[in-house]
Amino acid sequence: MSVTVPHAAHWGYFDAVVEEGRVTGARPFARDPWPNPLVEGMPDLVHAECRIDRPYVREGWLRGARRGSPRGRDRFVPVSWDRATRLVAEEVARVRAEHGDASILGGSYGWASAGRFHHARSQLHRFLGLGGGFTSQVTNYSYGAGMTLMPHVLGTNDPVTGPATDWRSIIGNARLMLCFGGLPLKNGLVTAGGGGAHEYVPQMRRAAEAGLRFVNISPLRGDTADFLKADWVPIRPGGDTAMVLAMIHAIVEAGMEDRDFLSRCTTGWNRLRAYVMGEADGVPKTPEWAEALCDVPATMIRALALEAARVPTMLTATWSIQRAEHGEQPWWALVGLASVLGGIGKPGQGIAFGYGSINGMGTSRRELPTVNLPAARNPVGVSIPVARVTELLERPGEVLRYNGRDILLPDIRAVFWSGGNPFHHHQDLNRLARAFSRPETIVVSEPWWTSIARHADIVLPATTTLERNDIASSSRDRFLRAMHRAVPPQGEARNDHDAFADIAEALGYRAAFTEGRDEGAWLRHLYDRFRRACAAMGAAVPEFDRFWAEGHIEFSPPERDFVGFADFAADPAAAPLATPSGKVELYSETIAGFGDPEVPGHAVWKAPREWLGGDLSRFPLHLLSSQPATRLHGQLDPARAARAGKLRGREPIRMHPADAAARGLAAGQVVRVFNDRGAALAGLVLEEGLRPGVVTMSTGAWWDPVETEAGAICAHGNPNVLTQDTGTSSLGQGCAAQSCLVQVEAWQGSLPEVSVHRPPQVVALLGGGQPTQRFVPT
Ligand SMILES: Nc1nc2c(c(=O)[nH]1)N[C@H]1C(S)=C(S)[C@@H](COP(=O)(O)OP(=O)(O)OC[C@H]3O[C@@H](n4cnc5c(=O)[nH]c(N)nc54)[C@H](O)[C@@H]3O)O[C@H]1N2
Ligand SMILES: Nc1nc2c(c(=O)[nH]1)N[C@H]1C(S)=C(S)[C@@H](COP(=O)(O)OP(=O)(O)OC[C@H]3O[C@@H](n4cnc5c(=O)[nH]c(N)nc54)[C@H](O)[C@@H]3O)O[C@H]1N2
Ligand SMILES: [Mo]
């Protein structure tokens with residue numbers, strides 16, 4: 001007997017097939033125009049060998065090894081839920097009493113699962129917030145630099161997060177779309193909060209059919225779909241700012257800048273112009289100047305600039321190009337180019353970031369509320385920019401400069417992580433691991449033995465999404481999804497909400513945490529709030545019971561195209577931007593006032609430390625670590641698609657055939673990718689459509705450190721052992737993973753086993769529930 005139940009993940013809505021208490025399949029949502037095959041991996045996740053079957057405590061921690069003890073190597077001791085709950089409660093109480101609330105790091109960055117009630121990070125924040133607060137994290141890994149910059153420049157992050165000028169408007173009005181970083185197909189498989197409709201490909205197909213001309217400015221030809229028939233401009237990674245400044249130069253030189261827009265709608269054009277034309281520093285930013293930096297022929301830069309000045313043009317850049325040293329600059333320069341073209345606020349023109357980064361950017365959608373767990377207030381006012389987590393642990397008592405402020409870094413004693421994996425998302429993992437030896441206690445809730453679970457002292461086994469009821473909701477999707485529980489909790493796994501409710505009880509605030517509701521009551525409550533908010537905006541939504549029975553709600557798209565900044569461009573005095581001047585700030589007095597010569601008041605060219613234009617004597621290849629086609633980050637790594645994508649069990653590295661030939665390397669071979677920060681094994685794939693000198697590896701292979709004759713190495717191929725852990729700049733302090741040089745050589749040794757998809761070593765239990773080994777808890 002098999003039944004199907006409606007459900008959802010970030011990688012798409014699906015119907016789970018359940019047979020005899022097991023999830024045996026998943027069928028994509030019937031209404032999805034471009035269904036995501038990754039949903040088929042759901043059974044592999046629920047019933048994975050690496051599920052955490054019960055609570056555990058690190059053996060060394062039980063013996064009293066706390067601050068300074070290396071994590072990630074000890075065995076784990078199975079404990080009961082009662083004991084785990086008590087240990088966590090005692091630690092929270094002790095650390096709060098001895099060191100203060102700010103000594104708990106609870107930022108817990110990460111994507112967790114799609115359901116909005118059981119969203120692990122939201123549950124954790126609620127639990128820690130109501131208990132006295134915690135040190136938190138602001139911004140994100142996706143566009144941390146860009147989202148700090150844009151409020152200064154445009155007064156909003158709408159062109160990054162949406163709503164952004166929609167595809168209908170682009171298709172109907174633009175003739176040219178310049179795509180920095182392309183519009184990679186793989187990125188459109190994912191919607192934060194779950195998507196019922198993958199509109200990414202259908203929209204682009206319509207654009208191609210309408211005759212819109214695309215230009216793919218990216219080191220990788222495959223960053224635009226073949227059907228777009230895009231011209232490929234294989235730019236040097238990190239060179240975008242130079243190219244964009246030179247396009248501005250070419251347009252000004254031709255006298256084609258939109259003077260009306262520049263004077264009505266921007267401030268500081270004279271400053272940016274003086275810099276670009278070389279009046280400020282004696283270096284005109286000509287296409288010839290840029291060619292030497294970004295390695296795009298000056299003739300091509302000039303031709304593209306003048307074409308953009310002649311025809312209605314939409315500009316876009318992927319989020320990844322700001323995930324680099326000085327990552328703020330290419331985006332700021334692009335706002336400058338969009339202003340010079342005068343397209344901001346006109347139908348189908350202007351600029352937005354991320355049409356190529358995630359499903360739903362530019363999808364027509366009514367502005368409606370989403371379902372969300374209400375956040376509890378966090379009484380501790382300390383937050384760090386998320387990608388500075390290693391520094392936080394390394395430099396207590398010191399100051400971190402961020403966005404014009406000095407943040408005094410607290411001394412972190414306890415770390416909580418739920419629904420995120422810093423050993424997936426963070427850079428320079430060997431350094432992160434050293435920093436993770438500093439706290440006294442690390443508590444992690446996870447369904448699987450991911451690297452963050454392996455670095456915990458107390459491990460709480462969480463249910464997977466298919467073991468609970470929930471609601472999926474995304475601001476970038478026109479559906480709302482009922483997520484029905486498919487199977488009971490596996491092993492002793494529990495919902496994060498229930499685990500934190502019990503810990504809150506031990507600490508005396510269960511009622512505040514649960515508000516007296518169980519899962520069912522919470523879902524009705526959150527849904528009713530959403531329904532009322534929709535009603536206030538004139539949208540009728542069915543009652544909960546009907547929604548739940550039918551499995552989803554669909555909202556019809558709005559009748560009118562959405563054009564970002566239309567009101568502002570029509571009348572900047574009547575609809576000013578939320579910037580100090582009310583206009584687009586091509587020069588920002590605020591940023592200039594922060595006083596960092598690396599980030600002056602307008603977009604500038606600053607050469608990165610690690611890129612192909614610099615010193616290549618030791619590490620001559622530029623490594624781009626991109627989003628994986630076969631996974632979402634580290635999630636789904638144990639599932640079928642990701643496994644099938646590996647070569648001899650290792651993550652692929654893509655390299656131009658000429659670079660491989662120069663090293664005597666052949667396709668299919670296992671290679672060692674290395675620099676001074678670390679080394680990883682990878683399976684070699686040759687790629688003609690890649691700029692020579694650039695190699696790419698996807699993120700997400702679970703970190704599997706092993707000691708070999710050649711030193712420590714990730715046996716599996718996690719690129720974050722290689723990436724540099726530095727802020728984009730003192731302005732955004734974003735993740736700069738894309739500025740990374742490496743070398744690649746044949747792997748000569750015997751192949752170490754990849755064992756990270758199996759549970760770690762556990763101290764075995766005998767019948768009575770006591771560990772076989774004697775240990776003395778202290
Ligand atoms: N080198 C390099 N690094 C990067 C990037 C890059 O481009 N290059 N990109 C960055 C970006 S943009 C991002 S967004 C980050 C992503 O980084 P993360 O969001 O941290 O990555 P995920 O693997 O999605 O982590 C989510 C974790 O939540 C766990 N989880 C899922 N469901 C539940 C649940 O119900 N309960 C609990 N407790 N846990 C659950 C999963 O097992 C998983 O370990 O990575 C960043 N890192
Ligand atoms: N399948 C899948 N889709 C995903 C995700 C996933 O894990 N899996 N993650 C989602 C998340 S959290 C995010 S934030 C988005 C991220 O979306 P992005 O940040 O846009 O994704 P990336 O793959 O890092 O980069 C896109 C392309 O930019 C190009 N590029 C890199 N550096 C440069 C440069 O210096 N100059 C130029 N011109 N091009 C460059 C690369 O060739 C790359 O293919 O993806 C989302 N979509
Ligand atoms: Mo992201």
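As the structure lists them, so they are numbered: ligands from 1, and atoms in each ligand from 1.
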Original post:
Who's the nearest protein heavy-atom neighbour of atom 1 (N) of ligand 2, and how far?
Top reply: Pro628 O, 2.8 Å
Subject >> Heavy-atom proximity to atom 16 (C) of ligand 2, best of Arg221, His622, Gln627 >> reply: Gln627
Subject >> For ligand 2, the portion of Trp111 having any non-hydrogen atom under 4.0 Å away >> reply: side chain
**OP:** Can you sort out which atoms of ligand 1 are near Ser625, meaning under 4.0 Å from one of its heavy atoms?
**Re:** 1 (N), 2 (C), 6 (C), 7 (O), 8 (N)
**OP:** Taking only Lys NZ, Arg NE, NH1 and NH2, and the carboxylate oxygens of Asp or Glu, determine whether Asp44 and Arg643 approach each other closer than 4.0 Å.
**Re:** no
Original post:
Taking heavy atoms and a distance under 4.0 Å, where does Gln724 meet ligand 1: side chain, backbone, both or neither?
Top reply: neither
Original post:
How far is atom 28 (O) of ligand 1 from its nearest protein heavy atom, and which residue and atom name does that atom have?
Top reply: Gly419 C, 3.1 Å
**OP:** Identify, by atom number and element, the atoms of ligand 1 in contact range of Ser445, meaning under 4.0 Å from any of its heavy atoms.
**Re:** 37 (C), 38 (N), 39 (N)
**OP:** For ligand 1, indicate whether the residue Ile452 contacts it via side chain, backbone, both or neither (heavy-atom separation under 4.0 Å).
**Re:** neither
Original post:
So, Thr728 versus Glu328: side-chain donor-acceptor pair below 3.5 Å or not?
Top reply: yes
Original post:
Which is closest to atom 27 (C) of ligand 1 by heavy-atom distance: Gly420, Ala493, Gly110?
Top reply: Gly420
**OP:** For Asn421, take its heavy atoms, then give the atoms of ligand 1 lying under 4.0 Å from any of them.
**Re:** 20 (O), 25 (O), 44 (O)
**OP:** Verify the ring-centre separation between Tyr141 and Tyr109: is it less than 6.0 angstrom?
**Re:** yes
Subject >> ligand 1 atoms in contact with Arg468 (distance to a heavy atom under 4.0 Å) >> reply: 34 (C), 35 (O)
**OP:** Test Trp702 against His716 for ring-ring contact (aromatic ring centres under 6.0 Å, His included), laying out the working first.
**Re:** CA-CA 7 Å; Trp702 290 6; His716 196 187; 8.1 Å; no
Original post:
Quick one: does Gly634 get an N or O within less than 3.5 Å of an N or O on ligand 1?
Top reply: yes
Original post:
Picking from Pro237, Cys740, Pro608, Pro219, what satisfies side-chain contact (heavy atoms from CB on, under 4.5 Å) with His622?
Top reply: Pro237
Subject >> Best match, Gln322, His425, Lys186: closest heavy atom to atom 3 (N) of ligand 2 >> reply: Lys186
**OP:** Using a strict 4.0 Å cut-off to heavy atoms of Thr450, name the atoms of ligand 1 that fall inside it.
**Re:** 44 (O)
**OP:** Under 4.0 Å, heavy atoms only, figure out whether ligand 2 is touched by the backbone of Ile217, its side chain, both or neither.
**Re:** backbone
Subject >> Nitrogen or oxygen of Ser142 less than 3.5 angstrom from that of ligand 1 >> reply: no
Original post:
Among Ala641, Ser357, Ser739, which residue places a heavy atom closest to atom 20 (O) of ligand 2?
Top reply: Ser357
**OP:** Could you tell me whether Tyr141 and ligand 1 have an N or O pair separated by under 3.5 Å?
**Re:** no
Subject >> Close N or O approach (Gly238, ligand 2; < 3.5 Å) >> reply: yes
**OP:** Give the atoms of ligand 1, by number and element, whose distance to some non-hydrogen atom of Thr699 is under 4.0 Å.
**Re:** 1 (N), 2 (C), 3 (N), 6 (C), 8 (N)
Original post:
Of Asp223, Asp240, Thr191, Asn216, which has the heavy atom at the shortest distance from atom 41 (C) of ligand 2?
Top reply: Asp223
Original post:
Given that the side chain starts at C-beta and the backbone is N, CA, C, O, which of these parts of Pro184 lies under 4.0 Å from ligand 2, counting heavy atoms, or is it both or neither?
Top reply: side chain
**OP:** Show which atoms of ligand 2 fall inside a sub-4.0 Å distance from at least one heavy-atom site of Val190.
**Re:** 2 (C), 3 (N), 4 (C), 47 (N)
**OP:** Would you please indicate if the ring centroids of Trp449 and Tyr56 are separated by under 6.0 Å?
**Re:** yes
Original post:
What residue among Asp659, Leu612, Leu741 forms side-chain contact (heavy atoms from CB on, under 4.5 Å) with Leu621?
Top reply: Asp659
Original post:
Gln427 to ligand 1: N or O pair under 3.5 Å?
Top reply: yes
Subject >> Heavy-atom closest contact (Gly181 atom, Asn216 atom, distance) >> reply: C-OD1, 4.2 Å
Original post:
Taking heavy atoms and a distance under 4.0 Å, where does Trp319 meet ligand 1: side chain, backbone, both or neither?
Top reply: neither
**OP:** Return a yes/no value for Ile321: is any of its N or O atoms, backbone included, closer than 3.5 angstrom to an N or O of ligand 2?
**Re:** no
Original post:
Considering only the protein, which heavy-atom contact is closest to atom 29 (C) of ligand 1, and what is its distance?
Top reply: Glu446 OE2, 3.2 Å
**OP:** Quick one: list whatever passes ring-ring contact (aromatic ring centres under 6.0 Å, His included) with His326, sequence neighbours left out.
**Re:** none
Subject >> Heavy atom of the protein closest to atom 40 (C) of ligand 1 (residue, atom name, distance) >> reply: Pro447 CD, 3.5 Å
Original post:
Any idea which protein heavy atom is nearest atom 31 (C) of ligand 2, and the distance to it?
Top reply: Ser320 OG, 3.6 Å
Subject >> Ala112 and ligand 1 - part of the residue with a heavy-atom distance under 4.0 Å >> reply: backbone
**OP:** For Pro219 and ligand 2, answer yes if some heavy atom of the residue is under 4.0 Å from a ligand atom, otherwise no.
**Re:** yes
**OP:** Give the single entry among His633, Gln635, Arg323, Gln738 that approaches atom 10 (C) of ligand 2 most closely by any heavy atom.
**Re:** His633
Original post:
Under 3.5 Å between some N or O of ligand 1 and some N or O of Trp448?
Top reply: no
Original post:
In terms of heavy-atom contacts, does CZ of Arg71 have more than 12 from other residues, nucleotides or ligands at under 6.0 Å?
Top reply: yes
Subject >> SB check Lys646 Asp637 (cutoff 4.0 Å) >> reply: yes
Original post:
In terms of atom number and element, which parts of ligand 1 are under 4.0 angstrom from non-hydrogen atoms of Ala737?
Top reply: 1 (N), 2 (C), 8 (N)
Original post:
Can you tell me which residue and heavy atom of the protein come closest to atom 32 (N) of ligand 2, and the distance to 0.1 Å?
Top reply: Leu624 CD2, 3.6 Å
Original post:
Which atoms of ligand 1 sit under 4.0 Å from any heavy atom of Thr723?
Top reply: 1 (N)
Original post:
Closest non-hydrogen protein atom to atom 21 (O) of ligand 2, residue and atom name please, with distance?
Top reply: Asn187 ND2, 3.0 Å
